[in-house]
Each structure stands twice: as structure tokens, then as C-alpha cells.
Amino acid sequence: MDKREALKALEEEMRQDKALPLHPANLVFGEGDPDAAVLFIGEAPGQREDELGRPFVGRAGQLLDKLIVSIGWQREEVYITNIVKRRPPLNRDPLPEEIEAYRPYLARQIEILHPVLIAPLGRFSMNYFLPEAKITRDQGKLFRAGDRLIFPLLHPAAALRGTGAMQSLVEAFGRLPKAVEKCRSLDLASVPDATPAPETGQKSLL
Ligand code: URA
């Protein structure tokens with residue numbers, strides 16, 4: 001089975017899984033190039049995403065698109081998804097049990113996509129990989145979490161709420177191409193695993 005078929009099968013399996021929380025809201029599985037070097041992972045779909053069945057198509061998504069273009073890439077060349085793949089009512093934060101329920105599916109999606117680098121958008125997604133990381137301290141740094149390389153970024157919706165946050169996201173985003181190049185040349189086994197990051201913060205690999 002090739003990647004596209006594997007993703008289709010996974011999506012269909014999720015659709016049929018009536019035990020998943022937030023079922024039967026629209027499933028927003030994710031989209032993009034299955035061979036993308038970079039996988040962006042947000043929190044959960046909002047209203048617009050729920051309506052269109054696509055991730056990051058509202059205001060936060062427009063900012064994400066602009067940021068992608070600002071570094072000379074296009075949205076079609078990356079892959080975009082969320083941890084929780086259905087909209088929580090009234091756009092509330094995803095609950096820990098919802099994140100847990102969707103976790104195995106996200107793990108399989110990542111396994112299929114096998115990106116060079118994962119860029120979590122926001123603290124929920126970052127903490128999925130790096131439970132001890134802090135978004136303001138650790139955004140724009142590069143970490144190893146198990147066999148994945150993680151480059152945390154502020155959630156675009158948070159950046160839309162403040163100029164300081166916007167500036168720091170723009171700066172961190174600008175380092176993304178360099179982070180990808182670094183990841184391509186890194187020998188994973190030779191770098192420390194940041195999953196149980198010490199309180200003082202883990203050193204960036206970048
Ligand atoms: N915010 C998210 O975290 N994901 C989306 O898809 C849209 C907004």
C-alpha cells in the first residue's frame with residue numbers, strides 16, 4: 001500500500017470509529033503532500049474547518065498560509081493536521097481524554113507520513129511530544145522526542161492576539177528551512193532525547 005492509500009484507509013477507519021469523542025462531528029483528517037518534509041500539527045478544527053472538512057482554513061489558517069509563503073514554500077508542499085480531528089463544541093480547548101483518544105490515530109498518521117520534521121502549533125500539540133516543554137521558552141528550537149524531530153511553534157491564533165507573539169512566531173518560522181536542513185543531516189542516535197526535558201530547558205539542536 002502506498003502512502004496515499006494508507007492515509008485513506010486510516011481516515012476511513014477513523015470515520016467508522018463511533019467510540020471516538022466528538023463523533024459524529026465532521027472529521028478533519030488533514031491534507032497536504034504525503035511526502036512532505038514538514039508536518040504541522042495544530043490542536044483541533046474550529047468552525048470553518050468543521051464546515052469545510054479541511055484543517056487551518058479560518059483566520060489562523062490564513063496566517064499559517066502567509067507564513068509558509070514567507071519562507072518561499074507553498075501550502076501544498078507541506079502536510080497539515082490536528083491532534084484532535086473533530087471540532088470541540090464552542091471551540092473550547094481539547095480535553096485530555098479527547099487528546100488521548102485521538103493519540104493512536106495521530107501516531108499512525110505520523111508513522112505513514114514519516115516527515116523529516118514535525119512542527120507542533122501551540123502548546124497542546126507541543127506537549128503531546130514534549131510534555132515538559134514551555135511554548136514561550138521553547139518555540140523555534142529543535143528537539144528530539146524519541147525517533148521524531150520537533151520544532152515547536154506558537155499557535156497562529158495566539159499570534160493573532162498580540163504583536164509580540166506575532167513577531168516571535170514570524171522569527172521562529174523564519175528558522176524553519178534551516179531546521180529542516182539540520183534534521184536531514186542529523187544522526188538521531190547521536191543526539192539526546194528531550195522527551196523528559198529538565199526544568200531548566202533542553203538545549204536546542206539547531
Ligand atoms: N486551529 C487549530 O488548531 N487547527 C485548525 O485546524 C484550525 C485552527
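Ligands are counted one by one from 1 in listed order, and the atoms in each one are counted from 1 as well.
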For this session: Could you walk me through whether Y128 and I41 pass side-chain contact (heavy atoms from CB on, under 4.5 Å), step by step?
Result: CA-CA 10 Å; Y128 174 97; I41 306 179; over 6 Å; no

Exercise. Do R123 side-chain atoms and I135 backbone N/O form a donor-acceptor pair below 3.5 Å?
Worked result: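 Such a contact is absent between R123 side chain and I135 backbone.
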
Exercise. Is a side-chain donor or acceptor of D33 paired with a backbone partner of V78 at a separation under 3.5 angstrom?
Worked result: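 The answer is no, because no donor-acceptor pair under 3.5 Å joins these two groups.
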
Enumerate the pairs of nitrogen or oxygen atoms, one from ligand 1 and one from the protein, separated by less than 3.5 angstrom; state names and distance to 0.1 Å.
unit_1: ligand 1; atom_1: 1 (N); unit_2: H155; atom_2: NE2; d: 3.2
unit_1: ligand 1; atom_1: 3 (O); unit_2: E43; atom_2: N; d: 2.8
unit_1: ligand 1; atom_1: 3 (O); unit_2: A44; atom_2: N; d: 3.4
unit_1: ligand 1; atom_1: 3 (O); unit_2: A44; atom_2: O; d: 3.4
unit_1: ligand 1; atom_1: 3 (O); unit_2: N82; atom_2: OD1; d: 3.4
unit_1: ligand 1; atom_1: 3 (O); unit_2: H155; atom_2: NE2; d: 2.8
unit_1: ligand 1; atom_1: 4 (N); unit_2: A44; atom_2: O; d: 3.1
unit_1: ligand 1; atom_1: 4 (N); unit_2: N82; atom_2: OD1; d: 2.7
unit_1: ligand 1; atom_1: 6 (O); unit_2: F56; atom_2: N; d: 2.9
unit_1: ligand 1; atom_1: 6 (O); unit_2: N82; atom_2: ND2; d: 2.9

Problem set entry | Verdict with supporting geometry, Y102 and R86, side-chain contact (heavy atoms from CB on, under 4.5 Å) | CA-CA 10 Å; Y102 281 84; R86 287 189 175 94; 3.1 Å; yes

Exercise. Does R15 have any side chain to side chain contact (heavy atoms under 4.5 Å, CB included) partners at least two apart in sequence or in another chain, and if so, which?
Worked result: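 For R15, the residues satisfying side chain to side chain contact (heavy atoms under 4.5 Å, CB included) (neighbours in sequence not counted) are E11, E12, L27.
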
Exercise. Measuring from L95:CG to F124:CZ, what's the distance to the nearest 0.5 Å?
Worked result: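 Interatomic distance, L95 CG to F124 CZ, rounded to 0.5 Å: 9.0 Å.
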
